[in-house]
Undergrad: 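Have a look at this one.
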Amino acid sequence: MSSGQNQDLILFKDNSLVSEQILNSKASLLSLITHVQGTSPAWLTNSLIENALCGTAALVNNDLTKKVDNRAEVILISFLHSKDHYIKNCRKNGLDLATNPSFTFVDCFTKLFTETIKTPEKASSEVANLFGNIISTISKIENSRKVVFVEAPEILLQATSVSSDELLALLLKVNRLSRQLFVISSRDYNTVFNLDSSVSQDPVFKCTDFLVKLHHRSQYNISLQPLSTGRANDITGSLAVSTGAIPVDSLIPNLYVNEKEYIFNITKDSNVRLFLR
Amino acid sequence: MSSNASVLLNRLLALKEPTPFLLVLDSLLQSAHYLLSEFAHHNNSKIIFLSYETTNIPSYASEWLDCSTVSTAEISDFVKKNSPPTTGTLVIIDSLNYVTNTEITQFLTSIIQPSVTILGVYHTNVPQEQSKILNYPSSLTLLSYIASSIFEVEYFPHHKIDLETLENKISRLEIPVNLGLNGSTFKLTLSNRRKSGRTLIYQYEINSTTHTYEIHKSVKDDANPEDEELLKDLTTFNLSTSNKQKLAREQVELPYMQAQESLGSSGGAIVYEFEKDDDYDEEDPYEDPF
């Protein structure tokens with residue numbers, strides 16, 4: 001496999017990742033990045049942040065070389081990592097997120113259960129306040145070219161009393177304020193996702209309901225999973241770019257998702273190698 | 001038969017049939033997006049869009065309400081205020097999965113009016129909550145019972161694929177690529193309930209790009225071709241049967257046919273023939289075997 005030629009990752013048929021047509025449009029797109037244990041999408045998130053901020057994607061696409069300063073505003077809302085995590089990891093992409101004026105980080109991780117949500121058993125109003133703050137942060141940014149990432153919002157479903165419909169309504173508001181929203185979520189079978197679950201208080205039921213309903217809103221999805229044939233030394237997993245329930249061209253004419261399945265390998269020095277499947 | 005089917009579909013899409021509630025069932029494999037566009041394409045009437053999950057307002061919506069944060073009473077008032085009593089109005093609900101199981105009937109009856117046709121979308125892959133009330137029917141059962149017509153959109157496979165493998169992948173949320181999922185060509189199963197109580201069921205292949213509808217013909221399974229085909233060119237012996245031999249085989253009278261003929265004269269009654277060891281007492285009423 002190592003002798004094969006690397007492929008460039010593209011999401012749309014205009015050979016782009018975060019397409020210029022999306023940033024210029026008036027539509028609000030939703031895309032899901034779902035993963036299972038062992039195939040973390042951190043490298044993909046970093047590359048998408050890089051592409052949104054300056055137009056390049058050094059690790060995954062060799063054709064996108066033209067650097068554009070302040071291409072779009074990136075707002076990253078994370079329930080799983082702190083800002084330092086992203087500052088450190090994006091250095092490899094040639095980004096200094098600590099000083100980048102177009103990058104806004106909303107930390108929903110560090111003090112989530114100590115200050116933000118003190119009563120997880122009755123969390124509806126606290127979660128609504130949390131999203132109220134997020135929405136006002138996004139609204140204050142004047143540039144309309146906004147790309148928003150929400151990482152691991154399913155933690156709220158698993159750890160608090162908030163319902164999937166409440167969280168979906170809040171995410172809808174965030175989505176409408178942005179040109180492109182990426183929701184990054186895990187979808188591990190049985191621990192997060194199971195279509196046969198039926199007890200409404202069960203976190204698996206809430207997460208399944210949340211993910212299926214999000215899939216019915218999305219324009220395109222990226223899913224990562226390990227190889228179904230088992231572990232391999234030179235392959236980390238596979239990545240599939242698929243169309244969602246709402247076609248992109250119904251919102252932005254002549255923009256089509258490039259449906260492809262790749263296999264990827266993360267090397268020891270954190271480089272990414274992609275091959276078409 | 002086929003012309004009836006296409007006339008019925010066209011009349012339903014143009015809201016010319018008296019149907020107060022149309023239910024659209026979709027799945028992760030094929031969304032209802034293109035079917036809703038077909039309704040919009042055929043209609044000049046006012047379209048009220050009640051949205052729980054649509055991010056971008058569709059161009060065909062005359063009125064729009066974000067229902068994710070408002071009460072049922074406010075939704076009902078909005079529909080009443082915006083639907084003229086004389087002309088027909090189409091109310092699209094996207095989607096009914098957001099209304100709780102116990103409130104769903106009340107929700108629909110609060111919107112239904114003589115001049116309004118409701119088009120409700122229901123996602124069948126969304127897990128169904130177990131009702132707190134014992135034996136209370138699921139939302140899907142209730143909606144299917146109330147609906148005057150059910151449009152079930154299904155994925156139309158362009159290549160020969162194993163649907164079981166596909167369902168298995170979907171159950172783990174692994175969406176396969178390049179199979180034409182959520183495509184503009186899809187299969188539609190329409191169940192239309194007539195006033196007489198009769199249900200008409202038709203299947204179509206819908207191409208929403210060209211707005212053409214064809215009757216779906218189920219593809220015959222080629223896995224079991226006729227035995228004759230299998231025997232052909234297998235050996236140097238002649239294992240096949242000629243037409244003359246087939247005819248002769250069909251004309252052979254089998255023994256049970258003859259047995260039926262002699263009994264057939266009694267017209268379907270059970271005939272009991274006594275044998276020599278039978279002990280039958282005519283005076284005992286309980287001994288009558290029949």
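Sequence lines set the chain letters: A, B, ... in the order given, protein chains first and strands last, and positions in each chain run from 1.
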Undergrad: What part of B:T55 lies closer than 4.5 angstrom to a heavy atom of chain A: side chain, backbone, both or neither?
TA: both
Undergrad: Could you tell me which portion of B:S95 (side chain, backbone, both or neither) has an atom closer than 4.5 angstrom to a non-hydrogen atom of chain A?
TA: neither
Undergrad: Let's test your reading of the structure: which of A:V199, A:L251, A:D202, A:L171 forms the most heavy-atom pairs below 4.5 Å with chain B?
TA: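 Sorted descending by pairs with chain B, the first entry is A:L251.
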Undergrad: Would you please test B:D26 and A:H216 for side chain to side chain contact (heavy atoms under 4.5 Å, CB included) and show each step?
TA: CA-CA 10 Å; B:D26 71 351; A:H216 277 286; 3.7 Å; yes
Undergrad: Measure the NE2-CG distance between B:H123 and A:D209 for me, rounded to the nearest 0.5 Å.
TA: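 If I round to the nearest 0.5 Å, the distance is 10.5 Å.
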Undergrad: If you look at every heavy atom in B:E53 and A:K213, which pair is closest and at what distance?
TA: OE1-O, 4.0 Å
Undergrad: How close do B:Y34 and A:P247 get, heavy atom to heavy atom, and via which atoms?
TA: OH-CG, 3.3 Å
Undergrad: For B:S131, which atoms come within 4.5 Å of any heavy atom of chain A: side chain, backbone, both, or neither?
TA: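 No part of it gets close to chain A.
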Undergrad: With a 4.5 angstrom heavy-atom cut-off, is it the side chain or the backbone of B:Q128 that approaches chain A, or both, or neither?
TA: backbone
Undergrad: So which of B:G183, B:S184, B:S171 has the largest heavy-atom pair count under 4.5 angstrom toward chain A?
TA: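 Greatest number of close heavy-atom pairs with chain A: B:S171.
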Undergrad: At a 4.5 Å cut-off on heavy atoms, which part of B:D66 comes close to chain A: side chain, backbone, both, or neither?
TA: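 Looking at B:D66, just its side chain touches chain A.
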Undergrad: More than 12 non-hydrogen atoms from neighbouring residues, nucleotides or ligands closer than 6.0 Å to CG on A:N143, yes or no?
TA: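 Buried by this count: over 12 neighbours within 6.0 Å.
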Undergrad: Chain A: which of B:P127, B:S68, B:S31, B:A32 shares the most heavy-atom pairs with it under 4.5 Å?
TA: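 Looking at each option in turn, the highest pair count goes to B:P127.
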Undergrad: Looking only at heavy atoms, which two atoms of B:W64 and A:R176 are closest? And how far apart?
TA: CZ2-NH2, 3.6 Å
Undergrad: Below 4.5 Å from any heavy atom of chain B, which atoms of A:Q225 appear? Answer side chain, backbone, both or neither.
TA: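 When you check distances to chain B, only side chain atoms of A:Q225 fall under 4.5 Å.
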Undergrad: Which bit of A:S250 comes within less than 4.5 Å of chain B, counting heavy atoms only: side chain, backbone, both or neither?
TA: side chain
Undergrad: What option among A:K26, A:R217, A:E166 has the most heavy-atom pairs under 4.5 Å with chain B?
TA: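 Between A:K26, A:R217, A:E166, the count favours A:R217.
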Undergrad: If you compare all heavy atoms of A:K260 against all heavy atoms of B:V177, which two are closest, and at what distance to 0.1 Å?
TA: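 Result for this residue pair: O-CG1, 3.9 Å.
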Undergrad: Any chance you could measure A:L195, atom CG, to B:L173, atom CG, to the nearest 0.5 Å?
TA: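 Interatomic distance, A:L195 CG to B:L173 CG, rounded to 0.5 Å: 7.5 Å.
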Undergrad: Can you tell me which of B:Q30, B:Q130, B:R172 forms the most heavy-atom pairs within a distance under 4.5 Å of chain A?
TA: B:R172
Undergrad: Of the backbone (N, CA, C, O) and the side chain (C-beta and beyond), which part of B:L28 lies under 4.5 Å from a heavy atom of chain A, both, or neither?
TA: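 Answer is both: backbone and side chain atoms of B:L28 are under 4.5 Å from chain A.
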Undergrad: Give me the atom names and distance for the closest heavy-atom approach of B:N182 to A:G244.
TA: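 Smallest heavy-atom distance, with atoms named: ND2-O, 3.2 Å.
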Undergrad: What heavy-atom pair brings A:A245 and B:H33 nearest, and what distance separates the two atoms?
TA: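 Result for this residue pair: O-CB, 3.7 Å.
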Undergrad: Out of curiosity, B:N125 CG to A:T208 OG1, how far, rounded to the nearest 0.5 Å?
TA: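 Reported value, rounded in 0.5 Å steps: 11.5 Å.
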Undergrad: How about CD on A:Q158, more than 12 heavy atoms from neighbouring residues, nucleotides or ligands closer than 6.0 Å, or not?
TA: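 Result for CD/A:Q158: enclosed.
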Undergrad: Mind checking the CD-CD spacing from B:E129 to A:Q201? Nearest 0.5 Å is all I need.
TA: 7.5 Å
Undergrad: Give, as side chain, backbone, both or neither, the part of A:F205 having an atom under 4.5 angstrom from any heavy atom of chain B.
TA: both
Undergrad: Heavy-atom cut-off 4.5 Å, strictly under: side chain, backbone, both or neither for A:K173 against chain B?
TA: side chain
Undergrad: Nearest 0.5 Å, what's the CG-OH distance between A:L168 and B:Y52?
TA: 13.5 Å
Undergrad: Heavy-atom cut-off 4.5 Å, strictly under: side chain, backbone, both or neither for B:S37 against chain A?
TA: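 Looking at B:S37, nothing touches chain A.
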Undergrad: Once rounded to the nearest 0.5 Å, what's the spacing between atom OG1 of A:T243 and atom CD1 of B:I175?
TA: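 Going from the OG1 atom of A:T243 to the CD1 atom of B:I175 covers 9.0 Å.
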Undergrad: Examine whether an atom of A:V257 lies under 4.5 Å from a heavy atom of chain B, and if so say whether it belongs to the side chain, the backbone or both; otherwise answer neither.
TA: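 Neither the backbone nor the side chain of A:V257 comes within 4.5 Å of chain B.
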